[in-house]
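Encoded as structure tokens, the structure appears first; notes follow it.
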Amino acid sequence: MGGLGGDTRRLQSRPLSRAFFEVDAATLAERLLGCVLVRELAGGERMAGRIVETEAYVGVRDRASHAFGGRRTARNESMYGRAGIAYVYFTYGMHHCFNVVCASAGDPQAVLVRALEPVEGLARMREHRAGAGASDGGARGPAMKERMLCSGPARLCEAMRIDRAMDGHDLNRAGAVWIGEPSGEEPAVRMERGERVRRAARIGVDYAGAWASRRLRWVLDGNPNVSRRVGGRPGRGRAGNPVGVGMVA
DNA sequence: CCACAGATTCTCT
DNA sequence: GAGAATCTGTGGC
């Protein structure tokens, strides 16, 4: 279990409306859980994953945000754009992270997508992630565990080949990157999967003072693809990287 | 399972 | 020149 996992499966979904994104970041972060991030390669090949973890960056007053204090540069320009476009940034000298811009133009709010449950195009994801994962039982390439493909903001970008070229793209219509509506996300379905919506403090923002402890992270806890489990609990493998585990509600 | 160091380069001060 | 919304391998228990 623990996955819709079929590799050859063709996901049925359609793009969300622009209005879906025209809400504040905290609202969107929770709403995006269960939605599907779709990536279409130049050749028409598709990859897709169900969003299982998000973080909200709530605006100019948020010390952890790239737009804190109204900071506006070439790098974060997309944060000031209209709701429903992508904000992709490069960090730590080698990683990309994917965000969904929300609220309204001029109000720089965004949601960081931190983890996906792989749904379609897993073989392609493994190719893109080949080279990593040698510590996970020596599983490179075709043998890489499914939960190592998209369980982190930089991992999912590498798996789906998302980079700065996709910065500013509309996510509300089919294209290179877009977001589809959720399917079968009723509470009962989540329970059956052993998932529970939980909130926690954001990851990697210790520099943000009081904003570092605000619970602006949303997780489908219990899903094996979550980057770091909330609160501790039984966990396996590296899906539960211990650094900076957030507090529970 | 847990903790820590190293990688690697773009971005802004 | 410093720091970064991270990931991975290694080493200890």
If you draw the axis of the six-membered ring of A:F68, does the NZ or CZ of A:R61 fall within 45° of it and under 6.0 Å from the ring centre? no
Return yes if some donor-acceptor pair links the side-chain N/O of A:S13 with the main-chain N/O of A:E181 below 3.5 Å, else return no. yes
Does the distance from a Lys or Arg side-chain N to an Asp or Glu carboxylate O, for A:E30 and A:R217, drop under 4.0 Å? no
Below 3.5 Å, does any donor atom in the side chain of A:Y89 face an acceptor in the base of C:dA5, or the other way round? yes
What nucleic acid atoms does A:A154 come within less than 4.0 Å of, heavy atoms only: base, sugar-phosphate, or nothing? sugar-phosphate
Calculate the interatomic distance between A:D163 atom CG and B:dC10 atom P; express it in whole Å. 13 Å
Candidates A:Q109, A:R202, A:R214 - the one meeting side-chain hydrogen bond (donor to acceptor under 3.5 Å, both in side chains) with A:D62: A:R202
In this structure, how many angstroms lie between the C1' atom of C:dT6 and the CG atom of A:D206, rounded? 13 Å
Whether A:Y207 contacts C:dA5 is assessed here as follows: a side-chain N or O lying under 4.0 Å from the phosphate OP1 or OP2. Is that the case? yes
Within this structure, what is the CZ-to-P distance between A:R229 and B:dC2, rounded to whole angstrom? 11 Å
Under the side-chain contact (heavy atoms from CB on, under 4.5 Å) test against A:P108, which residue among A:V60, A:N76, A:V58, A:V101 passes? A:V60
Picking from B:dT8, C:dC7, C:dT8, which would you name as closest to the side chain of A:M94? B:dT8
Looking at C:dA5, B:dC10, C:dT6, which one has an atom nearest to any side-chain atom of A:M79? C:dA5
Counting only non-hydrogen atoms, which of residues 69-78 of chain A are less than 4.0 Å from DNA chain C? none
Is any side-chain heavy atom of A:L156 closer than 4.5 Å to one of A:V113? yes
Stems involving DNA chain B: give each as a range paired with a range, ordered by first number, where a stem means at least three consecutive Watson-Crick or G-U wobble pairs under 3.5 Å. B:1-7 with C:6-12, B:9-12 with C:1-4
Answer yes when A:R196 and A:D221 have at least one side-chain N-carboxylate O distance shorter than 4.0 Å, and no when they do not. no
What parts of residues 100-114 of chain A reach DNA chain C, counting only heavy atoms under 4.0 Å away? A:L112, A:R114
Salt-bridged, A:R155 to A:E158, with N to O below 4.0 Å? no
Whole-Å gap separating P (C:dA5) and CZ (A:R63): 14 Å
Length of the CG-C1' vector between A:D167 and B:dC10, whole Å: 14 Å
A:F68 CZ - C:dA4 P separation (whole Å): 14 Å
Given side chains that start at C-beta, do those of A:E55 and A:L216 come closer than 4.5 Å, heavy atoms only? no
Can you check whether A:R164 has a side-chain N or O nearer than 4.0 Å to OP1 or OP2 of B:dT9? no
Of A:R161, A:R39, A:H96, A:M160, the one forming a side-chain contact (heavy atoms from CB on, under 4.5 Å) with A:M166 is A:R39
Min side-chain heavy-atom separation A:L122-A:E146 under 4.5 Å: yes
Is the distance from OP1 or OP2 of C:dA5 to the nearest side-chain N or O of A:H66 less than 4.0 Å? yes
For A:P182 and A:L16 the tightest heavy-atom approach is CD-CD2, 4.5 Å
What's the CE-P distance between A:M144 and C:dC7, to the nearest Å? 12 Å
What is the distance from CZ of A:F90 to C1' of B:dT8, rounded to the nearest Å? 7 Å
Please work out if A:Y92 contacts a base, only the sugar-phosphate, or nothing of the nucleic acid, heavy-atom cut-off 4.0 Å. base
